[in-house]
Amino acid sequence: MYKLIASDVDGTLMGEDLVIHPDNRAAISAAVDAGVAFVLCSGRSHKSLRQLHDDLGLPTKNAYIISFNGGAVYSVEQEAVVHEEHPQFDAVLGAIRLFNNRPRKGEIEIFVYRDSDNILTEHGSTTAENYSKISQTEIHFTHDVQGDTEAAGHAVKVVFIGWREPLEAFRRELIMELGDAAEVFFSSEYLLEIGSPRASKGIALQWLCEKLGIDVAETMAMGDNYNDLTMLETAGMGVAVANGVDAAKAIAGHVTQKNAEQGAVAEAIQKFVLN
């Protein structure tokens, strides 16, 4: 039986309605009761994920959360980050400068995570309210994202929000500008992120398994998007949900019949863990 389940959140554990299906809750509870560790693994901050962890009624003792797309591993028991890999600060500033210098900047918006609790964006943002709701973090507005970020001297993640076509063009610009100093990837159709090249959900899952003394072959990972690919590859069983992108389905060992809003996580747990 699998000893650890790693699950993405948005688009996997919950759909666009941000509601966790009752079947998912029941299946997760049953798996935990059977001695299986359930680990939230998301691009969200660990503050947001800790709230979700508690909402699911998951145990505190020897429990962990993988946040920032593998950029941090958070111990619920210790209430502290025990492992982290954030993008180089020079790469963060380079991404912000490129954003500031591009024409038609209004078609893409920027969000800079100064830490797990605070996000910086520009005055006039049209997506801040919705993003704050989804990420469950506090957003601060500024007229100078670059200057305020430089003054802070630290950032853990940068997110760009917009339509796919301009984001794809901007992704190519970022790759040319930043090179190997950062990982540039889509975490959803409309979210482009800057992270550390030494961090991914797959790397973090491997690190956590070594810490817990679990063979990675004894893990199941579930996801829906591009930032889940390394996790689906790394786990003993990679499961893509029905609403997942084609790349996730192609790499997964199994694709659920149900989508996120219908209880895809429960379907996978019933099939591969409880049965």
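The residues of the chain are indexed from 1 along the displayed sequence. When reading the values below, keep in mind they use all heavy atoms of this one structure, side chains included, and skip hydrogens, waters and symmetry mates.
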> Between Asn62 and Glu77, is a side-chain hydrogen bond (donor to acceptor under 3.5 Å, both in side chains) present by the stated rule, with each step listed?
Replying inline: CA-CA 6 Å; Asn62 207 29; Glu77 184 175 12; over 6 Å; no
> Run the salt bridge (charged side-chain N to carboxylate O under 4.0 Å, His left out) check on Asp224 and Lys249 step by step: do they pass?
Replying inline: CA-CA 8 Å; Asp224 73 302; Lys249 293 177 180 179; over 6 Å; no
>> For Glu193 and Asn227: C-alpha separation, side-chain torsions, deciding distance, then whether side-chain hydrogen bond (donor to acceptor under 3.5 Å, both in side chains) applies.
In response: CA-CA 10 Å; Glu193 302 197 17; Asn227 58 328; 5.5 Å; no
> Under the ring-ring contact (aromatic ring centres under 6.0 Å, His included) criterion, do Phe38 and His53 qualify, and how do the steps go?
Replying inline: CA-CA 9 Å; Phe38 188 84; His53 178 98; 8.8 Å; no
> Are Asn225 and Ser188 close enough, and set up right, to give a side-chain hydrogen bond (donor to acceptor under 3.5 Å, both in side chains), and what steps lead you there?
Replying inline: CA-CA 6 Å; Asn225 226 301; Ser188 80; 5.2 Å; no
> Which is it for Phe272 and His254 under the ring-ring contact (aromatic ring centres under 6.0 Å, His included) test, yes or no, and what are the steps along the way?
Replying inline: CA-CA 10 Å; Phe272 295 108; His254 178 76; 5.0 Å; yes
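Between Glu267 and Lys258, none of the side-chain N atoms (NZ, or NE/NH1/NH2) sits under 4.0 Å from a carboxylate O, so this pair counts as no salt bridge. Ion pairing between a basic and an acidic side chain is recognised when a charged N comes within 4.0 Å of a carboxylate O; Lys201 and Asp8 show such pairing.
Within a 6.0 Å sphere centred on CD of Glu150, heavy atoms belonging to other residues, nucleotides or ligands number more than 12. At most 12 heavy atoms of other shown residues, nucleotides or ligands fall within 6.0 angstrom of atom CG in Asp246. In the displayed structure, Lys271 atom NZ is contacted under 6.0 Å by at most 12 heavy atoms of other residues, nucleotides or ligands.
Checked by atom type and distance alone, the side chain of Thr230 pairs as donor or acceptor with a backbone atom of Gly202 at under 3.5 Å. Proximity of a side-chain donor or acceptor of Glu122 to a complementary backbone N or O of His143 within less than 3.5 Å is not detected.
Residues meeting the salt bridge (charged side-chain N to carboxylate O under 4.0 Å, His left out) test with Asp23, sequence neighbours left out: none.
Connection of Leu178 to Leu167 is established within a shared hydrophobic cluster, with ILVMFWY side chains joined at heavy-atom distances below 4.5 Å, either directly or through further cluster members. Met220 and Trp207 are members of different hydrophobic clusters when ILVMFWY side chains are connected at heavy-atom separations under 4.5 Å. Side-chain heavy atoms closer than 4.5 Å link hydrophobic residues (I, L, V, M, F, W, Y) into clusters, and following such links, possibly through other members, connects Leu18 to Ile139. Residue Leu40 is not grouped with residue Leu229 when hydrophobic side chains (ILVMFWY) are merged at heavy-atom distances under 4.5 angstrom, including chains of intermediate members. If you chain together hydrophobic residues whose side chains sit under 4.5 Å apart, Tyr74 and Val32 fall into the same group.
The one candidate from His46, Arg50, Lys47, Arg44 that meets the side chain to side chain donor-acceptor pair (under 3.5 Å) condition with Ser67 is His46.
Geometric assessment of Lys157 against the ring of Phe68 yields a negative cation-pi assignment under the 6.0 Å and 45° thresholds. In this structure, Arg171 is not positioned above the aromatic face of Phe185 in the sense of NZ or CZ being under 6.0 Å from the six-membered ring centre and within 45° of the axis.
Counting heavy atoms from C-beta outward, Asp17 and Glu261 have side chains that approach closer than 4.5 Å. Side-chain contact between Phe160 and Phe99: present, with at least one pair of heavy atoms (C-beta onward) separated by less than 4.5 Å.
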